[in-house]
Amino acid sequence: MIFEVPQSNENMEFVKKLASDIEEKYPGISRGILEKNVSEEKENPNIIRIGIGGKHNTLEEKQNAIDIIIDILEE
């Protein structure tokens with residue numbers, strides 16, 4: 001799981017807290033926060049993108065990651 005956030009994003013504190021809470025409860029699952037250059041971002045600069053899994057992860061592993069995010073957000 002990786003969090004992509006445009007630089008100088010107002011939501012950065014939220015993402016830092018979310019990533020910290022996930023890492024505290026599920027150590028090693030997150031690959032951290034990637035700040036994107038806003039000038040390269042054609043989308044809404046306030047977007048937060050959460051990457052879940054990769055080509056080597058199973059569907060079950062990806063679903064588990066989604067469940068972890070939901071668990072932390074519900075707390």
Side-chain angles (χ1 to χ4, degrees):
M1 156 180 344
I2 191 165
F3 301 90
E4 293 183 15
V5 184
Q7 292 172 339
S8 60
N9 184 309
E10 295 174 358
N11 297 318
M12 181 56 82
E13 291 305 313
F14 170 77
V15 171
K16 285 180 181 177
K17 174 81 168 105
L18 178 61
S20 173
D21 290 351
I22 288 172
E23 187 61 29
E24 183 178 317
K25 192 166 182 180
Y26 303 93
I29 193 165
S30 177
R31 296 173 113 189
I33 298 170
L34 174 65
E35 290 188 60
K36 299 198 66 152
N37 187 332
V38 175
S39 63
E40 295 175 5
E41 191 67 42
K42 304 249 186 227
E43 304 171 20
N44 181 339
N46 294 316
I47 196 166
I48 295 170
R49 188 174 310 153
I50 302 174
I52 299 173
K55 64 181 181 180
H56 299 293
N57 293 103
T58 66
L59 181 58
E60 182 180 4
E61 290 169 331
K62 293 173 187 178
Q63 182 62 51
N64 290 341
I66 292 168
D67 291 343
I68 287 169
I69 293 168
I70 291 168
D71 179 48
I72 297 297
L73 288 173
E74 286 179 339
E75 288 180 4

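Only heavy atoms go into these numbers, but all of them, side chains included; no hydrogens, no water, no symmetry mates.
In terms of the side chain to side chain contact (heavy atoms under 4.5 Å, CB included) criterion, residue partners of Lys62 (sequence neighbours excluded) are, by chain and number, Ile52, Asn57.
The distance from the CD1 atom of Ile22 to the NZ atom of Lys17 is 10.5 Å, given to the nearest 0.5 Å.
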Going through the distances and angles, do Ile33 and Met12 end up as a side-chain contact (heavy atoms from CB on, under 4.5 Å)?
CA-CA 9 Å; Ile33 298 170; Met12 181 56 82; 4.1 Å; yes

Could you tabulate the donor-acceptor pairs under 3.5 Å formed by side-chain atoms of residues 67-75, not counting sequence neighbours?
{"residue": "Asp67", "atom": "OD1", "partner": "Gln63", "partner atom": "NE2", "Å": "3.0"}
{"residue": "Asp71", "atom": "OD2", "partner": "Lys25", "partner atom": "NZ", "Å": "2.9"}
{"residue": "Asp71", "atom": "OD2", "partner": "Tyr26", "partner atom": "OH", "Å": "2.9"}
{"residue": "Glu75", "atom": "OE2", "partner": "Lys25", "partner atom": "NZ", "Å": "2.6"}

